[in-house]
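In this text, all values refer to a predicted model and were calculated from it rather than measured experimentally. Side chains included, hydrogens not; waters and symmetry mates left out as well; all remaining heavy atoms used. Every chain is numbered from 1, with letters handed out A, B, ... down the list of sequences.
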2 protein chains.
Amino acid sequence: MKRPTIIDVARGAGVSKSLVSLVMRGASNVSDEKRQRVMTVAAQLGYRPNAVARSLVQRRTSLLGVLLSDLHNPFFAEVIDGIQAEAAAYGYRTILGTGDRVELTEARALETMLELRAEGLILASPVLPMRTIAAASRELPTVLVARRSRVATVDSVTNDDVAGASLAVAHLAALGHERIAHIDGGEGAGAPERRRGYERAMRKHGFGARVRIVPGSYTEDGGRRGVAELLSGEMPTAIFAANDLAAIGTLSALAERDVRVPEDVSVVGYDNTALAAVRLIHLTTVDQPRPEMGRAAVTLLLERLEGGRRTMRNVLMPPSLVVRGSTAAPRPRGSKRSRR
Amino acid sequence: MKRPTIIDVARGAGVSKSLVSLVMRGASNVSDEKRQRVMTVAAQLGYRPNAVARSLVQRRTSLLGVLLSDLHNPFFAEVIDGIQAEAAAYGYRTILGTGDRVELTEARALETMLELRAEGLILASPVLPMRTIAAASRELPTVLVARRSRVATVDSVTNDDVAGASLAVAHLAALGHERIAHIDGGEGAGAPERRRGYERAMRKHGFGARVRIVPGSYTEDGGRRGVAELLSGEMPTAIFAANDLAAIGTLSALAERDVRVPEDVSVVGYDNTALAAVRLIHLTTVDQPRPEMGRAAVTLLLERLEGGRRTMRNVLMPPSLVVRGSTAAPRPRGSKRSRR
DNA sequence: CGCCGTTAGTGGAACGTTCCACAAAATCTG
DNA sequence: CAGATTTTGTGGAACGTTCCACTAACGGCG
């Protein structure tokens, strides 16, 4: 039950293989009669062009390799939506690989893509060392998503974490909050920028003296620990957590202590994950334009691939605020904190 | 800056291309001296075998195509973990495609995999019509994950929804619940089986007369609507929702009505998504062995690919119960329901 | 020392396409 | 209606590997 080749079709239709090739690719200058004949024979035989052979002779695969550090992070699902849409629009296909945040696994996935002769590479928040990435970028255009590039051959698309943090602080300030604390994200990607953005915004609103940062991480537990730490001092009226997961940890730690949200304390997260939208959580948070980031990544690739660009570009996407139920105006000064 | 080929390496090392090929594939009968020479030249040139050319001549790609209906569903992330681990163990690589639950997009992704000459196909909960799937299965081994197959050429791996529903009911019954209602999943995959399992288990525990099923769906809103419906009759002491999302909708609808969980009502979900584990939600739920399902899918493929099996196999994986905080013994009969 | 069996290495065919230069047929042009 | 031009179609080379049949070299053995 061998697969039919272009030769089988040619024989069946009584034409040359070149003509079949032409028909399959939708060339214009072939007579309707032969086109018909080829098409019917192809359908009969169940012929399907062999992309492997085509890639070999054309010396191009039209394949974009997308390496995900971690499929479990829903963040990337939407980035990929954007990548696929844009890639398809330009006639590229994408192949996905994952690395589970393990360097060796990622390296193997990367190797696979190079052997498969992907024409461009999108690395979404990889744990791979920059050395490896730089090496890959010498073979094919490479763009980093959600990780900043410092190498001239590697582009990047990130969200403007500083601006996002400002958005969060500005929202809280507009509601009337002054004692706004930040539970930071430790070593997490973008965490230092978010911290910096928080500090800067606090100063800009004249709350420079109120800056209060407690250590945390991009996990539920990070949020919980942050709350524990905050309780050791004067409780703020609002908390800006480094990401949604930490914000949810914050929420649950507050609930355990009978602190009401948003009545007693307002909470803002970052990332706008699906979690944040769940009614039970209903978290005000900063959204990253994920599909647009995916599209931008493809655009950067195409600029190098087809436009011949050779200089580095780091695209910074503007985040936006999504207001839900976890933020409100602070209780008027001196009003009793009620327990439920 | 053309990519070096095997010929370039051969020339550089002063050997034949066949020898280079042998070395690259780690053949045993080649002298240490030449092996060394070839290796160094290859490294110098940055030579990397071209998988495209290799696939063409070998007439095999060692590629398994994995089509995800929807990347956003974290369920699949773990299935893929299993798939990749198992595939790698047997020397196969996986390429992922997604279809966003849109038939046309899925069909295109499928087409890509066929043209790329993937050797086996794993379709995770596709929306593709069975006709299309059956057609693909005539070209290469095909297995469905989380969707039952009724075609002899297509295998499947599903979780035993009937057993899972039984688990949920048994857990609640063991806690002392008798008035256990079910919010169903409508047309969702596995929903009819879960409903059936619920009914069967209720009868088995002698609660046949207490069976109460209200229509819902696999969404938060489905759960909310279910609760609204349940309120129109006598409130049950426990609710088994068709999946986690519906359970979370149930939770939030109950919270809005000041019904406490688990004190007043116990709630059980299905799927054990990441959502269920969030402290704030802390849902008792039925877990599907996702990575094992992925591994099983690969095994089924390999049985056909390398073992020559030609008969259909439908693998049914046993679910398990994960007890968290949303279930407890019912209030003793007649005790006042307290408001908080 | 001649023969044999093994080991190390080679050259060319093959994989299924596209590309290119060219040929044949059809159409136009004056 | 002859020549020029366009349209339609063709055969063979090429893509970068692996596979296969084969040879050369080498050591062992009687």
Starting at atom [atom1] of [X], determine the distance to atom [atom2] of [N], rounded to an integer number of angstrom.
X	N	atom1	atom2	value
A/Arg37	D/dT8	CZ	P	15 Å
B/Arg35	C/dT7	CZ	C1'	13 Å
B/Arg48	D/dT17	CZ	C1'	16 Å
B/Ile7	C/dG11	CD1	P	11 Å
B/Arg54	C/dG16	CZ	C1'	18 Å
A/Asp8	C/dG16	CG	P	9 Å
B/Glu115	C/dG16	CD	P	16 Å
A/Met24	C/dT18	CE	C1'	14 Å

(message) Whether A/Arg3 contacts C/dG16 is assessed here as follows: a side-chain N or O lying under 4.0 Å from the phosphate OP1 or OP2. Is that the case?
(response)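 Checking A/Arg3 against C/dG16: no side-chain N or O falls below 4.0 Å of OP1 or OP2.
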(message) Does a side-chain N or O of B/Ser21 approach OP1 or OP2 of D/dT17 to a distance below 4.0 Å, or not?
(response)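 For B/Ser21, the contact criterion (side-chain N or O under 4.0 Å from OP1 or OP2 of D/dT17) is not met.
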(request) Five pairs at each end of the helix from C/dC1-D/dG30 to C/dG30-D/dC1: take the axis at both ends and give me the angle between them to 10°. (result)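 The end-segment axes of the helix from C/dC1-D/dG30 to C/dG30-D/dC1 are tilted 40° relative to each other.
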Tabulate protein N/O versus nucleotide N/O from nucleotides 9-15 of chain D, keeping only pairs under 3.5 Å, one per line.
residue, atom, partner, partner atom, Å
D/dG9, OP1, A/Ser31, OG, 2.9
D/dG9, OP2, A/Ser31, N, 2.9
D/dT10, OP2, A/Ser16, N, 3.1
D/dT10, OP2, A/Ser16, OG, 2.9
D/dG11, N7, A/Ser18, OG, 3.1
D/dG11, O6, A/Ser18, OG, 2.7
D/dG12, N7, A/Lys17, NZ, 3.2
D/dG12, O6, A/Lys17, NZ, 2.8
D/dC15, O3', A/Arg59, NE, 3.3
D/dC15, O2, A/Val57, N, 3.4

(message) Taking side-chain hydrogen bond (donor to acceptor under 3.5 Å, both in side chains) as the definition, give me every residue that meets it alongside B/Arg59, ordered by chain and number, with sequence neighbours left out.
(response)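 Listed in chain order: nothing, the list is empty.
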Can you give the donor-acceptor pairs under 3.5 Å from side chains of residues 118-131 of chain A to other protein atoms, not counting sequence neighbours?
residue, atom, partner, partner atom, Å
A/Glu119, OE1, A/Arg60, NH2, 3.2
A/Glu119, OE2, A/Arg60, NE, 3.3
A/Glu119, OE2, A/Thr61, N, 2.7
A/Glu119, OE2, A/Ser62, N, 2.4

(message) Please enumerate all residues that pass side chain to side chain contact (heavy atoms under 4.5 Å, CB included) together with B/Glu187, with sequence neighbours excluded.
(response)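 Residues passing side chain to side chain contact (heavy atoms under 4.5 Å, CB included) with B/Glu187: none at all.
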Tell me which donor-acceptor pairs under 3.5 Å the side chains of residues 73-88 of chain A have, and how far apart each pair is, sequence neighbours excluded?
residue, atom, partner, partner atom, Å
A/Asn73, OD1, A/Phe75, N, 2.9
A/Asp81, OD2, B/His72, NE2, 2.8
A/Gln84, OE1, B/Thr98, OG1, 2.6
A/Gln84, NE2, A/Thr94, OG1, 3.0

(request) With sequence neighbours excluded, tell me which residues meet salt bridge (Lys or Arg N to Asp or Glu O under 4.0 Å) with B/Arg54. (result)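 B/Arg54 satisfies salt bridge (Lys or Arg N to Asp or Glu O under 4.0 Å) with no other residue.
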(request) Return yes when atom CE of A/Met317 has more than 12 non-hydrogen atoms of other residues, nucleotides or ligands closer than 6.0 Å, and no otherwise. (result)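 Yes, CE of A/Met317 has more than 12 neighbouring heavy atoms, counting only those of other groups under 6.0 Å.
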(message) Taking side-chain hydrogen bond (donor to acceptor under 3.5 Å, both in side chains) as the cut-off, I'd like each qualifying pair that reaches into residues 11-22 of chain A, sequence neighbours left out, listed once.
(response)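 Sorted pair list: A/Asp8-A/Arg11, A/Ser21-A/Arg25.
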(request) Name all pairs fulfilling the side-chain hydrogen bond (donor to acceptor under 3.5 Å, both in side chains) condition that reach into residues 100-109 of chain A, sequence neighbours left out, sorted by first residue then second. (result)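 Sorted pair list: A/Ser69-A/Arg101.
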(request) Would you name the heavy atoms of B/Ile6 and B/Tyr47 that are closest together and state the gap between them? (result)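 That closest heavy-atom pairing would be N-CE1, 3.5 Å.
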